[in-house]
Amino acid sequence: MSLEWRRIEEKWRREWEKDRIFEADPDPKRKKCFVTFPYPYMNGPLHLGHAFTATRIDVYARYKRMRGFNTLFPWAWHWTGEPIVGTALRIQSGDEEIIKALKEIDGVPEEELKKFVDPIYMAKYYTSEGKEAAKEIGFSVDWRREFHTTSLEPAYSRFIEWQYETLRKKGYVVKGTHPVVWCPKCKSPTGDHDRLEGEGVSPEEYTLLKFQCGDAYLPAATFRPETIYGVTNMFLNPDATYVEAIVDDEKWIISKEAAFKLSEQMRKVKILREFKGSELIGKYFVDPISGRNLPILPGWFVDPKSATGVVYSVPAHAPADWIALKDLMNKPEVLRKFGIDLEVIKGIKPISLIKVEGYGDYPAIEIVEKMGVRDQFDPKVDEATSIIYRKEFHTGVLKPITGKYAGKRVRDVKAELIEDFKKMGIADLMYDLPEKVVCRCTTRCIVKILSDQWFLKYSDPEWKKLAHEAVDRAKIFPETARAYFHDKIDWLRDWACARRTGLGTPLPWSPDWIVETLSDSTIYMAFYTIVKHIRKYNIKAEQLTNEVFDHIFLGIGDPDALAKDSGIDASIIREMRDEFTYWYPVDLRVSAKELVPNHLSFFIFQHVALFPQKYWPRAIGVNGMLLIEGKKMSKSKGNFLTLSKTVDEFGADVTRMTLILGAEDMEDPDWRAENAKSIDSKLRSLYRFINEIASMQGEDKPRSIDRWLISVLQGRIKAVSEAIENLKTRTAAEIAFFEVWNDIRWYLRRVDKPNPKTLKKVADVWVRLLAPFTPHVCEEMWRLLKRKGFISVAEWPVYDKEKVDVAAEESEDIIRSLINDTLNIMEATKKTPKRICYYVAADWKWKVYLEILRKALSARVEIRDVMRALMKDQELREKAKKISAYVGKLLPEINVMSEDQKRRRVKAKRIDEEALLNEAKELFEKEFKAEILIYNEDDSKRYDPMNRANLAKPYRPAIYIE
RNA sequence: GCGGGGGUGUCCGAGCGGUCAAAGGAGGCAGGCUUAGGACCUGCUGGCAUAGGCCUGCGCGGGUUCGAAUCCCGCCCCCCGCACCA
């Protein structure tokens with residue numbers, strides 16, 4: 001099917017390569033444009049998702065190149081991280097599932113697959129396949145700057161070392177601790193992909209409120225420490241195992257599970273004894289706020305696996321607490337078993353502390369009754385809890401009983417309150433998982449605090465401020481993504497930037513750590529500017545000292561001195577510095593929206609940390625995620641499309657155009673084979689059509705319709721250019737491909753014989769407008785049009801104001817709406833006309849019309865004012881009566897017109913409709929297969945049996961059908 | 001839950017106060033070309049209407065306005081991200 005495409009595409013790819021038109025070197029005389037694509041991770045082939053993003057970048061690059069920018073689009077490969085190693089291990093262990101996937105989906109041949117037990121081999125394989133695919137789809141890449149990451153590319157590794165040492169010097173890399181979801185059996189963090197249960201669950205920080213009980217504390221866990229003002233009792237699970245333990249320096253009573261968890265959270269835990277919860281039931285504890293003695297009661301809903309297994313009770317605001325109390329009241333025999341007097345329970349009065357709209361003093365009681373919660377084991381308890389919690393958190397206001405917090409909203413005061421409680425020594429904290437998480441190995445996970453971790457200190461407010469500033473200064477495509485960036489910058493916490501396993505660059509000051517994969521891919525665009533020299537001059541990694549990098553990227557130090565130390569020629573160091581300063585900053589970086597919270601934000605953070613403002617990113621584009629036939633692309637769903645297979649099937653241009661027309665902004669494009677087929681046939685007919693135009697001979701005098709076509713083409717040029725500038729690639733392609741074509745269609749429908757010269761002019765522009773999208777076939781058509789050189793570097797069509805002919809455009813609108821109106825009448829009357837008469841408006845109507853339009857431009861017009869002005873004209877004065885009737889009808893019409901429309905019509909001035917319609921007479925005859933008569937409404941000799949002529953208005957000739 | 005993006009005609013999508021029955025594409029219909037066509041070209045494609053009009057309509061319910069797909073309020077639904085992972 002795509003045989004013909006392949007021939008064309010291969011030919012032009014070879015030509016481009018031969019002439020090196022995409023290799024870009026600094027040229028101080030030209031404006032530069034530096035675009036980048038986030039290097040893809042090489043644990044598999046490039047797929048259509050990569051292609052979508054990269055095609056958008058390539059379109060932009062090709063456009064800028066045609067606009068005369070010295071444009072650099074480099075490419076590299078990401079090898080850093082664990083999955084490549086992980087996959088290699090799985091292959092080694094004979095994992096059928098992955099072997100099948102690699103064979104069938106990635107298309108890896110058997111004999112290659114065997115070698116994949118070596119992760120490096122695998123990365124190399126996919127890299128070389130990927131490069132082939134990127135070339136096949138026609139990305140305009142300067143391949144001299146290609147590289148891959150990790151210590152296997154020593155110069156790159158050196159670059160990462162420089163980056164991290166510099167960041168550390170600036171205080172942006174710090175040592176710290178970090179809570180992770182942890183499998184106690186595997187003794188490693190349990191990421192989402194390693195879980196049987198609990199996807200998406202992450203550590204939550206609980207506040208522990210410490211209640212004195214004898215010589216020990218009962219640390220009750222809560223998300224709502226403010227409710228301590230309403231505490232009435234404690235709940236322990238009588239059947240669960242608790243321990244008395246020395247935690248750090250205090251004696252705590254907690255569940256046995258909690259003791260283990262705390263021991264993993266950097267606490268010294270020494271268990272003194274174990275006992276059943278029932279032992280403490282009926283005993284009393286002290287509320288540290290009010291000093292009251294309160295009872296410990298049995299609560300079977302208390303889960304010893306959740307946090308500390310100790311729960312304090314706030315029946316006014318916690319449905320679970322209220323219902324548990326109620327359960328006890330209803331079961332005196334249970335109380336008796338624990339030796340608790342029923343009067344103790346009856347004596348417990350809920351204490352209200354939060355005022356919340358829509359509820360009385362005791363929201364928990366209200367909701368329990370409203371929802372008909374049966375008892376503490378009713379699943380509805382959770383729902384009730386969540387409703388009350390949300391409501392009180394967002395809208396609740398604290399009551400006077402809370403002292404200094406009274407009158408404030410819960411949400412606004414929570415953090416302050418926790419701080420205060422910690423200072424008072426009544427609060428502590430622990431991490432736990434809000435839901436059950438189970439590791440692949442079937443072990444239940446806990447939260448562990450890792451120590452000695454290295455972090456990028458993204459929490460640093462000063463750093464965040466710079467990052468926000470960078471976002472404010474950059475163009476963000478689409479604009480709506482700007483808020484997204486700001487939000488994510490605020491939200492980012494410290495990022496653990498080193499790992500123990502996988503491929504990558506060792507942390508220079510602690511080489512048993514490897515720089516984490518997202519953290520080593522933040523400023524590598526700078527490396528593109530010098531990798532060329534490293535290759536060309538065979539510079540060794542060890543020659544690239546920190547001082548050399550400091551000079552190249554930051555301008556620090558003297559090249560001559562550096563040359564002596566590093567052994568790199570001073571001239572080469574200068575060359576590298578020049579190349580960096582020429583290309584930097586990055587003019588555009590684009591990725592899918594999933595990378596905004598991590599990669600793209602890191603990209604911004606690292607740039608503002610390391611580089612001066614003039615080297616901060618200029619523009620960032622964000623796009624949606626590719627769907628295949630309406631579904632998310634995934635290997636397991638069997639709808640995974642690799643780039644090379646798709647290009648094989650449909651050809652590069654078809655693939656590019658289909659992708660680009662799929663979506664823009666943050667919408668998710670949907671790849672459908674049907675669409676690709678349709679684009680395929682359209683591109684073929686485009687080619688035929690251009691061929692036809694190219695072979696046309698002769699030249700006719702330009703008519704209004706020729707001026708029209710050239711004029712609307714100017715609008716198309718402008719629209720396409722603006723769209724690409726704003727990365728509205730779909731809009732741009734849609735206009736360049738379909739709208740221009742439709743314009744030409746109208747032209748052809750409109751004329752009996754097209755003017756070859758007009759069509760050739762249009763084709764010449766049209767092909768260039770399409771070149772960024774479908775470059776191969778456009779090169780081919782460029783030749784058909786007898787043009788020399790590559791269209792890829794031809795001059796982008798210039799919007800020419802001189803060629804815009806508003807009158808011609810408005811004239812065409814008259815013709816079109818006249819045809820529509822005529823058809824409408826034919827439809828309504830079910831008449832097939834033998835004769836159609838058109839009557840164009842009289843001179844005086846035009847005078848009045850334009851006068852009112854002009855007035856309406858500046859203000860809303862009133863009949864009185866208009867009439868007064870019009871009556872100054874002697875000629876009009878004679879028709880005063882007719883005019884006032886006409887104006888009365890006209891005014892509402894004009895007041896409803898858009899400013900733009902009014903301006904256009906004023907600019908178009910008086911249109912000679914009689915001449916216009918006469919010129920279009922053949923068209924009308926052809927369309928309606930009827931005799932066409934055209935008159936001025938004033939024409940006394942007109943044929944007008946129904947007396948319709950007086951209905952004529954400017955822009956709207958009257959119609960009579962026989 | 002938090003944050004971001006969305007809900008438009010048969011479908012995909014543009015529009016974001018008047019030019020809107022609503023761009024463009026797909027699908028459907030009709031005609032042309034052709035031995036034939038799922039290939040290509042052209043036109044039509046909400047309903048009603050014997051004169052260029054009217055009615056319904058842009059997730060649901062209210063509101064602002066001379067006028068709302070477009071602005072405001074409330075609600076429902078869908079997609080994406082939420083950290084040691086590329």
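Note that the structure is predicted; figures quoted are calculated from it, not measured. Numbers restart at 1 for each chain; the letters A, B, ... are given by sequence-line order, proteins then strands.
Rounded to an integer number of Å, the gap from A:L683 CG to B:A39 C1' is 16 Å. The nearest whole Å value for the distance from the CG atom in A:N691 to the P atom in B:C40 is 17 Å. In this structure, A:K929 places its NZ atom 10 Å from P of B:G32, rounding to the nearest Å. Distance A:E927 CD to B:U42 P: 13 Å, rounded to the nearest Å. The distance between atom CG of A:D665 and atom P of B:C79, rounded to the nearest whole Å, is 21 Å. Taking atom NZ on A:K728 and atom C1' on B:G24, their separation rounds to 15 Å, with Å as the unit. Following rounding to the nearest Å, A:R482 (CZ) and B:G5 (C1') show an atom-to-atom distance of 17 Å. We find that CD1 of A:I514 is positioned 15 Å from C1' of B:C85, with the value rounded to whole Å.
Contact annotation for A:D487: backbone-only contact, meaning every heavy-atom pair under 4.0 Å involves sugar-phosphate atoms and none involves a base. Nucleic acid contact class of A:I735 (heavy atoms, under 4.0 Å, all strands): none. Residue contacts for A:R493: at a heavy-atom cut-off of 4.0 Å it reaches a base atom on one of the strands shown. Residue-level contact check: A:K682 touches the backbone only, with heavy atoms under 4.0 Å from sugar-phosphate atoms and none from bases. Among the heavy atoms of the strands, none lies under 4.0 Å from A:A663. Nucleic acid contact class of A:N820 (heavy atoms, under 4.0 Å, all strands): none. Among the protein residues, A:S817 comes within range of no part of the nucleic acid, since none of its heavy atoms lies under 4.0 Å from any strand. Heavy atoms of A:S202 sit under 4.0 angstrom from primed sugar atoms or phosphate atoms, though from no base atom. Counting non-hydrogen atoms under 4.0 angstrom, A:K631 reaches nothing in the nucleic acid. A:F737 comes within 4.0 angstrom of nothing in the nucleic acid, heavy atoms only. Residue-level contact check: A:M897 touches neither bases nor backbone, having no heavy atom under 4.0 Å from any strand. A:N598 comes within contact range of at least one nucleobase, with a heavy-atom separation under 4.0 Å. Nucleic acid contact for A:I961: base, since at least one base atom lies under 4.0 Å from a heavy atom of the residue. Residue-level contact check: A:R730 touches the bases, meaning some heavy atom is under 4.0 Å from a base atom.
Proximity of A:R688 to the phosphate of B:A39: no side-chain N or O atom is located under 4.0 Å from OP1 or OP2. One finds a side-chain N or O of A:R745 lying less than 4.0 angstrom from the OP1 or OP2 phosphate oxygen of B:U42. Regarding contacts with the backbone of B:C85, every side-chain N or O of A:T517 stays at 4.0 angstrom or more from both OP1 and OP2. The side chain of A:S678 places an N or O atom within less than 4.0 Å of a non-bridging phosphate oxygen (OP1 or OP2) of B:A26.
Nearest approach of A:M666 to A:Y484, heavy atoms of both residues: SD-CD2, 4.4 Å. Scanning all heavy atoms of the two residues, the minimum distance from A:L917 to A:P957 falls at CD1-CG, 4.1 Å.
B:G67 is unpaired under the criterion used here, namely a Watson-Crick or G-U wobble arrangement in which both key atom distances are under 3.5 Å.
Ionic pairing of A:R730 and A:E667 is not present here: no N-O contact between side-chain nitrogen and carboxylate oxygen is shorter than 4.0 angstrom. A salt bridge between A:K682 and A:D680 is absent, with no side-chain N of the basic residue lying under 4.0 Å from a carboxylate O of the acidic one. Note on A:D512 versus A:R500: salt bridge recorded, some NZ/NE/NH1/NH2 to OD/OE distance being below 4.0 Å.
Side chains of A:H78 and A:H148: no donor on one and acceptor on the other come within 3.5 Å. A donor atom on one side chain and an acceptor atom on the other are not found under 3.5 Å apart for A:T80 and A:T150.
Spacing of P atoms, B:G74 relative to B:G1, comes out at 16 Å, to the nearest Å.
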